[in-house]
Structures are given as structure tokens and as C-alpha cells.
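Remarks on the structure that follows.
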Amino acid sequence: SQTIHQWPATLVQPVGSPLSLECTVEGTSNPNLYWYRQAAGRGLQLLFYSVGIGQISSEVPQNLSASRPQDRQFILSSKKLLLSDSGFYLCAWSDSRDRVFYGYTFGSGTRLTVV
Amino acid sequence: AQSVTQPDIHITVSEGASLELRCNYSYGATPYLFWYVQSPGQGLQLLLKYFSGDTLVQGIKGFEAEFKRSQSSFNLRKPSVHWSDAAEYFCAVAAYSGGGADGLTFGKGTHLIIQP
């Protein structure tokens, strides 16, 4: 079965420190992968998506970057965190089998607090 | 690009009463439509989705939603709410072309409060 792992669950980081959040999926190959952010009291915003290794599309200009070094690994990074980077970060993948789209599966999220 | 509007930021309903959460979308063709629920401090749980076919879709926890193309709406309903339904509800849309590869666009959410 397909599963998605996202870690850490919570993170407190000082302003100016680097960030690395990792997401991996199992049980599928060549998934489309996504990073979303939910700022406090706000909806979810798509940050990045990737349709293959090394292919990253950015939806919103920001202090973050994403990379996909392996087929089932998606990493969200920052060189220097800002207070405004605080939020709830969700990784997701789109479930497509034999070219049929079934929907999206979300990870359990990482709550990032920048202090 | 698609967009989603959830006009109600907060809704208060008495336990046992019926519920309808509104969702309107903007997209040039038939989209994929979703409703998700988020309990405090938790991730997203899929309630139901519409891809094609019957415009009334049934989901988990007794929820249903109706797709109305003429109104560009996908409202969520439940005949009788329980205190455990208190949560944040998100409507979302994905582009049909490309098989949803571009990801989801979410509404800003509706916060549901249940009165005893």
C-alpha cells in the first residue's frame, strides 16, 4: 500500500537558521509531489510541486526552496528562516495509477515555529 | 488559474441540527472537487471528492456534497451534526487537465462550531 512519511512533526527554529523538512512516499513510483503551507488562521497555500526527479515548480516567491533528489523524496529547505516562515507544512502526493487520477494523499504535517 | 471561495469564515450550529457549508469555484472546465476536514493541530482528512458522474457524492462521517455546474458550487451537507464535527473545513479544486498534476487550490476554510 502507498504511504507518505513526513518529519519532524514539530520544529522550533531561531530566526536566521537553516531548515530542512523531508517527505518520502512508499508503494508508488514517479509520484507527483507537493508542499503546502498553512499559516496561522489561514488556508492552505501550494508552495512547490514536482512531477519528476529534479523538476520543481514554484507557485509563490518566498524564502523557501524545494528539491527532489530521488523519485520518492521531496525536501523543503531554507538557508535563513524568517518569522513569517512559521506555519504548518504539509507534503502530499497525487495518486495516479495507469494514468487514472484518484486524488491526493497528505502527510501528517510539520508544525514549524520560528522564534 | 482556478480559485475557490468559501464565503462563511465561521458557522455555528446546534448539535443535531442540519449543516450546509458553501463552496464556489472558478475554473474554465469541469474540475476535480474535494472537501477536507482538519481538527485542531491535525492534518487533513478527505471527506469526499467529485470527479465525474452522479453530482451528489457521499463521503465519510455522514457527509454529502452536490456539484452544481450552473452555479459553480460544491456545497457540503450533513443532516445532523455531532459535537465531534467541530473542525475546520476546506473546499479544494484541482484542474481536470493534466490529471490533477498541478495540485490543489484551497478555499480559506470554514470554522464549524457546534453548540450543545
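Chain A is the first sequence line, chain B the second, and so forth, proteins listed ahead of strands; every chain is numbered from 1.
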_Heavy-atom side-chain proximity of A/Tyr36 to B/Leu104 below 4.5 angstrom_ = yes
*In one Ile/Leu/Val/Met/Phe/Trp/Tyr side-chain cluster, 4.5 Å: A/Ile4, A/Phe74*: yes
*Minimum heavy-atom distance between A/Leu46 and B/Asp102, given as atom pair plus value*: CD2-O, 3.3 Å
_For the student: nearest non-hydrogen atoms of A/Phe101 and B/Phe34, plus distance_ = CE2-CZ, 4.2 Å
_Within one Ile-Leu-Val-Met-Phe-Trp-Tyr cluster: B/Phe63 and B/Phe67, side-chain cutoff 4.5 Å_ = yes
*May I ask whether A/Phe48 and A/Val51 are part of the same hydrophobic cluster, defined by side-chain heavy atoms of I, L, V, M, F, W, Y residues being less than 4.5 angstrom apart, directly or through others?*
no
*Got more than 12 heavy atoms from elsewhere within 6.0 Å of CD1, B/Ile60?*
yes
*Close side-chain approach of B/Phe90 and A/Gln38, heavy atoms under 4.5 Å*: yes
*Common cluster, A/Ile75/A/Leu11, ILVMFWY with side-chain heavy-atom separation under 4.5 Å*: no
*With chain A, which of B/Gly43, B/Gly109, B/Gly103 has the greatest number of heavy-atom pairs at distances under 4.5 Å?*
B/Gly103
*Look at the side-chain heavy atoms of Ile, Leu, Val, Met, Phe, Trp and Tyr, link any pair under 4.5 Å apart, and say whether A/Val115 and A/Tyr89 land in one connected group.*
no
*Hey, what do you get for NZ (B/Lys49) to OH (A/Tyr104), rounding to the nearest 0.5 Å?*
10.5 Å
_Structural part of A/Leu44 lying under 4.5 Å from a heavy atom of chain B_ = both
*Closest non-hydrogen atom pair between A/Phe88 and B/Gln42, with its separation*: CE2-O, 3.4 Å
